[in-house]
Amino acid sequence: MRSIYRAIMDPKFNPLRSLPAAQKFQIMAILGTMWTIIFCTGLGAWLWFGELIVLHLLVAGGFMVTGVTFHRATVKRTYRDHPASDGTARYDDVWGA
């Protein structure tokens with residue numbers, strides 16, 4: 001955990017180590033502000049959590065129904081593909097002949 005912290009927060013180890021101190025400070029301040037905005041917005045989104053969940057479930061359900069429909073459309077199945085249990089032919093069973 002300490003190595004992860006150093007790789008991000010310690011200016012001697014993070015990828016900004018080759019920049020001048022003033023630029024490191026500016027970039028780290030901007031990144032810190034960005035992450036603060038991201039986390040505050042994320043926590044604020046909990047107010048609309050129910051609506052977000054409903055929307056995501058509806059979209060996921062729509063994708064699932066579409067995928068199942070398209071998959072089943074590629075597989076041709078008719079009554080002829082399932083022989084009767086007594087072994088008789090089923091070719092004209094639909095027409096009642």
Side-chain angles (χ1 to χ4, degrees):
M1 195 69 178
R2 183 169 277 189
S3 63
I4 294 171
Y5 175 81
R6 279 189 179 164
I8 296 170
M9 300 302 290
D10 192 347
K12 295 177 186 171
F13 296 104
N14 70 14
L16 304 176
R17 66 181 165 265
S18 62
L19 297 175
Q23 286 182 339
K24 277 190 248 187
F25 175 75
Q26 286 177 325
I27 293 173
M28 290 300 285
I30 290 169
L31 289 174
T33 304
M34 178 192 72
W35 281 107
T36 300
I37 291 170
I38 288 172
F39 284 116
C40 288
T41 304
L43 289 174
W46 283 104
L47 296 173
W48 298 290
F49 185 69
E51 291 86 350
L52 289 173
I53 290 295
V54 169
L55 174 68
H56 282 91
L57 288 176
L58 288 173
V59 170
F63 277 115
M64 187 175 68
V65 169
T66 302
V68 169
T69 303
F70 286 174
H71 175 71
R72 293 195 71 159
T74 60
V75 180
K76 293 187 177 188
R77 293 184 188 147
T78 64
Y79 68 96
R80 294 178 182 167
D81 296 330
H82 305 286
S85 59
D86 61 357
T88 58
R90 302 180 84 186
Y91 295 112
D92 293 325
D93 289 351
V94 195
W95 308 108

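- Proximity of M34 to I37: side-chain heavy atoms (C-beta onward) are nowhere separated by under 4.5 Å.
- Nearest heavy-atom pair across R17 and K12 is CD-O, 3.6 Å.
- A chain of hydrophobic side-chain contacts below 4.5 Å, direct or via other Ile, Leu, Val, Met, Phe, Trp or Tyr residues, connects L31 to I4.
- Here the closest heavy-atom approach between residue M28 and residue L16 is recorded as SD-CD1, 3.8 Å.
- Clustering ILVMFWY residues whenever any of their side-chain heavy atoms sit less than 4.5 angstrom apart, transitively, puts I30 in a cluster other than the one holding I38.
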